[in-house]
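Contents: one structure, followed by commentary.
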Amino acid sequence: MTAGPSALAAAVRNEALDLRTLAERLAREAGALQREKYETRIEIRTKSASIDLVTEVDHACEALIVAGLHEARPDDAILAEEGRGEDRDDARWRWIIDPIDGTTNYAHGYPRFCVSIGVEYEGERAVGVVYDPLLDEMFIAVRGEGASLNGRRLHVTQESKLANALVATGFAYDVRRSAQDNINHFIAFVKHARAIRRDGSAALDLCYVAAGRFDAYWELKLRPWDVAAGLLMVDEAGGRTSDLSGGPPQRSGFECVATNGPLHDQVLAILHT
Ligand code: IPD
Ligand code: CA
Ligand code: CA
């Protein structure tokens, strides 16, 4: 087992608590926009592949969040999926924004999507906020302070048998053309776990592991904004996160395994068969 996340130093912790409040406000505002435009006629375009969508609401939410950060935190670095941030190496605080995680769901009117905002302090995950606007579920984690859902403390499950586990995953947008397509892993878990879900939002998948709704989650080829908030949520809810070899998750989050802890080695073993 890896050690749990260490607490932040006192001064940094107080600043992190302020940033949590700011992130929560911006996530609620972006979420309100998503609710307002949900199932209305919106502009939808493609990005890296014909199955990789972006909507006008992704852009509007990102613009809202980035404008709020420019006003409140002009010195911080911002990495935002749709390209509005200015990422910098010299800033202590770095915001990582997924304005809509679950864009395919959003575009199809499938009610599973969220706003995800992660904040790093000197390269370490410090704050994570994920907001599901349809369920009005606000997931919040601060390093060393625990994870919560609408103010209720979150804990991972204690399940230790993969045969009893509900497991989640997802597929990257290059699934049609890449040999590293996650399909064999998917089949293996269909055979070994109780059931498997592919619900279309990596950030919510991770929050659901933290909340004990899922026992485990893995995915390959993620981007930093997919996992910046959710990985901290799992760590702070007592779970375990790693890359496929069991080492710490890559900071950029390309491959990720997140479990309740007892299942971690079994999940890694399946991923290596
Ligand atoms: C995607 C979702 C999906 C995951 C993909 C992500 P997007 O993010 O998180 O669940 O399987 O890997 O790219 O495009 O909806 O922000
Ligand atoms: Ca995403
Ligand atoms: Ca997105």
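Quick note: residue numbers are just sequence positions, from 1. Indexing begins at 1, ligand by ligand and atom by atom, following the structure's order. In what follows, every heavy atom counts, from backbone to side chain, and hydrogens, waters and symmetry copies are set aside. Remember, it's a predicted structure, so these values are computed and weren't measured experimentally.
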At less than 3.0 Å, would any N/O/S atom of [X], backbone or side chain, sit next to the Ca ion (ligand 3)?
X	answer
Glu82	no
Asp226	no
Pro99	no

To check your reading of the model: name the closest protein heavy atom to [atom], its residue, and the distance in Å.
atom	value
atom 8 (O) of ligand 1	Asp101 OD1, 3.0 Å
atom 14 (O) of ligand 1	Tyr173 OH, 2.6 Å
atom 3 (C) of ligand 1	Gly200 O, 3.6 Å
atom 4 (C) of ligand 1	Glu219 OE2, 3.2 Å

- Item | For the Ca ion (ligand 2), the closest N/O/S atom belonging to Asp101 |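 For Asp101, the N/O/S atom sitting closest to the Ca ion (ligand 2) is OD1.
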
- Query: What N/O/S atom of Asp98 gets nearest to the Ca ion (ligand 2)?
  - Reply: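 The Ca ion (ligand 2) is closest to the Asp98 atom OD2, counting only N, O or S.
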
- Once rounded to 10°, what is the value of the angle centred on the Ca ion (ligand 3) between Ile100 O and Glu81 OE1?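 Value returned, to the nearest 10°, is 150°.
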
Should [X] and [Y] count as side-chain neighbours, where that means a heavy-atom distance under 4.5 Å?
X	Y	result
His192	Gln266	no
Ser116	Tyr131	no
Arg112	Leu135	yes
Cys256	Glu219	no
Val167	Asp215	no
Arg20	Ile140	yes

Backbone or side-chain N or O of [X] under 3.5 Å from ligand 1 N or O:
X	value
Asp52	no
Ser201	yes
Ala203	no

- Message: For the NE2 atom on His59, are there more than 12 heavy atoms of other groups (residues, nucleotides or ligands in this structure) within a distance under 6.0 Å?
- Response: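 Counting other residues, nucleotides and ligands, NE2 of His59 exceeds 12 neighbours.
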
For [X], the ligand 1 atoms whose distance to one of its heavy atoms is below 4.0 Å:
X	value
Gly170	11 (O)
Asp98	16 (O)
Thr103	15 (O)
Ile100	16 (O)

- Query: Passes ring pair (Phe, Tyr, Trp, His ring centres under 6.0 Å), Tyr208 versus Tyr217? Steps please.
  - Reply: CA-CA 9 Å; Tyr208 282 20; Tyr217 161 77; over 10 Å; no

- Gap between atom CD of Gln34 and atom OH of Tyr106 - 0.5 Å precision: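 One finds 6.0 Å between OH of Tyr106 and CD of Gln34.
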
Applying a heavy-atom cut-off of 4.0 Å, say which part of [X] lies close to ligand 1: side chain, backbone, both or neither.
X	answer
Arg198	side chain
Asp226	side chain
Ala202	both

- Does a donor on one side chain sit under 3.5 Å from an acceptor on the other, for Glu15 and Trp93?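 Note: Glu15 and Trp93 side chains meet the donor-acceptor criterion.
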
- Check: Thr169/Asn182 side-chain N/O donor and acceptor closer than 3.5 Å: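 Short answer, yes.
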
- Item | Test salt bridge (charged side-chain N to carboxylate O under 4.0 Å, His left out) applied to Arg94 and Asp87, Asp76, Asp75, the passing residue |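 Only one option passes, and that is Asp87.
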
- With Arg143, which of Glu124, Glu120, Glu236 fulfils salt bridge (charged side-chain N to carboxylate O under 4.0 Å, His left out)?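 So the option named by the test is Glu124.
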
- Query: Of all the heavy atoms in Glu81, does at least one lie under 4.0 Å from an atom in ligand 1?
  - Reply: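 Within the 4.0 Å threshold, so yes.
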
